[in-house]
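Heads up: the structure comes next, in structure tokens.
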Protein chains: 4
Amino acid sequence: MDDQLILLFQIKTSSGVPIYRQIIDQVTRLVASGHLKAGDELPSIRRVAGYFEVNPMTISKAYSLLEAVGVLERLRGKGMIVASDQSSTRSLKKRLELIEPVLREAAIQANQLGIPKESVLQAMAEYLEGSK
Amino acid sequence: MDDQLILLFQIKTSSGVPIYRQIIDQVTRLVASGHLKAGDELPSIRRVAGYFEVNPMTISKAYSLLEAVGVLERLRGKGMIVASDQSSTRSLKKRLELIEPVLREAAIQANQLGIPKESVLQAMAEYLEGSK
Amino acid sequence: MDDQLILLFQIKTSSGVPIYRQIIDQVTRLVASGHLKAGDELPSIRRVAGYFEVNPMTISKAYSLLEAVGVLERLRGKGMIVASDQSSTRSLKKRLELIEPVLREAAIQANQLGIPKESVLQAMAEYLEGSK
Amino acid sequence: MDDQLILLFQIKTSSGVPIYRQIIDQVTRLVASGHLKAGDELPSIRRVAGYFEVNPMTISKAYSLLEAVGVLERLRGKGMIVASDQSSTRSLKKRLELIEPVLREAAIQANQLGIPKESVLQAMAEYLEGSK
DNA sequence: GTGGTCTAGACCACC
DNA sequence: GTGGTCTAGACCACA
């Protein structure tokens, strides 16, 4: 497992979202988008914990929950790998479902603020380019 | 202070988001969108608490934080009103700043999922209509 | 009683200090400094309340407390006047005692902030000129 | 977090000033004067509450407001630390701004009492020595 | 271990 | 009537 993968993680210590949640969400998306494929190894708990200077228990919790959901598999003595059956999460439809909540929330807030639809979409388009 | 205003609040107990946060967010948006103007009275802590059957302290916490941020003002012995200087939150630019975080987050997630820009904007457009 | 006197009052509705306290403190200082002398009439409760758009009860409370302390006297059907015996509050020593609390508080805060003595005194000197 | 820090707090129950305000003011000054630096840990809510025999919520309120103002930061599951960006409160100029209100108030009162400038400054100088 | 949230109820100050 | 402050104690989430 090389360091490259660790760099795929983006952890913000003070952002309201709990660290283990950030890990879970990002692994889920990396798998759904195909950046991580069935059988790929994940960086060890110790590596991630050391790299981000967080408690190993926190990473462990994230991995365990991902295992419970069927996204990861535990390989005795080796570590965690992406589970074999990930077919269901690859389709565009499935991926759109994953971002539906945050899109809906954004839409609600925009409407409550009375921001015109065009302005919202324009801003969104910008951010989509910017976060590439 | 009539009942009309209380109806502007939408509180969902146990939706993850703490009650006092829901109040804060809604008042902020009502002010930013112009539904609440400088000098407008807010429903009293006890009224809101009674109406939604929550503890007065919970509402008090929300109002106090809104005062600390400068959105509300206290009228001793009378109640809370919208603070006089709200010029900074009215412009479209300022309102766009208020939803920037959630839009950015949505953009990041979409890109991590590898969803094409057009699909995201299309979905967003739908939700904007839907939440009106 | 002319309007001049009303102008001697400075009421800040939103300053933490209760309105009736502001009235009391200012009358006390006006008497101690000799701006108000024994027998002088004070503006009626209605005038003050009307001028500052506050509840007459608030002004009444302040006058009553000043009467209880012996600073004012009630003249049946006429209003309030400065009490006859005010000799004890006129000396410089007595007046210095009146500002001791606020000076001490300022000194404590300055020391906790580690501000050099000279800077504090210089700032104070400025404000003394400015508030004349 | 050792006991040293708790000793930096001075809480006077029932002195007019609410307990949570006393905490806020003292932390603010400790940070501004450099006694507390960015990253320093604060004594836990439970420790302070236990030490002074006050309700944890009271201390929590103080810490929360200090976080809202940007003086403190939360370390999830660990505690509160002094926020990283405190550059704005360190300079002598900024510290002078912090005591400006109380100095101004003192100046106003002194002038209303007609106390000569020299007497005020002399008294102030004494108190500055006395409160060291 | 840490802080966050909420409740139920008390007492106070102000208007 | 209004909000402010505090208590005592419960339960939860996070590390």
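We name chains A, B, ... by the order of the sequence lines, and we start the count at 1 in each one.
- Contact between the side-chain N/O atoms of B/Y20 and the OP1/OP2 oxygens of E/dC6 is not found at any separation under 4.0 Å.
- Dashed line: the shortest gap from a side-chain N or O of B/R76 to OP1 or OP2 of E/dA13 is not under 4.0 Å.
- Within the 4.5 Å cutoff, no side-chain heavy atoms of D/K61 are placed close to those of B/S64.
- Between C/I45 atom CD1 and E/dC15 atom C1' the separation is 14 Å, expressed in whole Å.
- Taking 4.5 Å as the limit, some side-chain heavy atom of B/F9 sits within range of a side-chain heavy atom of B/P43.
- Across every strand in view, F/dC14 sits in a pair with E/dG1 that passes the Watson-Crick or G-U test at under 3.5 angstrom.
- The separation between A/N55 atom CG and E/dT2 atom P is 15 Å, rounded to whole Å.
- Of all heavy-atom pairs between C/D40 and C/H35, the closest is OD2-O, 4.2 Å.
- Rounded to whole Å, atom P of E/dA13 lies 12 Å from atom CG of C/L65.
- Atom-to-atom, CG of B/L72 to C1' of F/dG3 comes out at 13 Å; the value is rounded to the nearest Å.
- As a whole-Å value, the separation of D/R46 CZ from E/dG1 P is 8 Å.
- Closest approach of C/Q109 and D/V102 over heavy atoms only: OE1-CG1, 3.8 Å.
- Listed nucleotides E/dT5, E/dG4, F/dG4 differ in distance to B/K61; the shortest reach to its side chain belongs to E/dT5.
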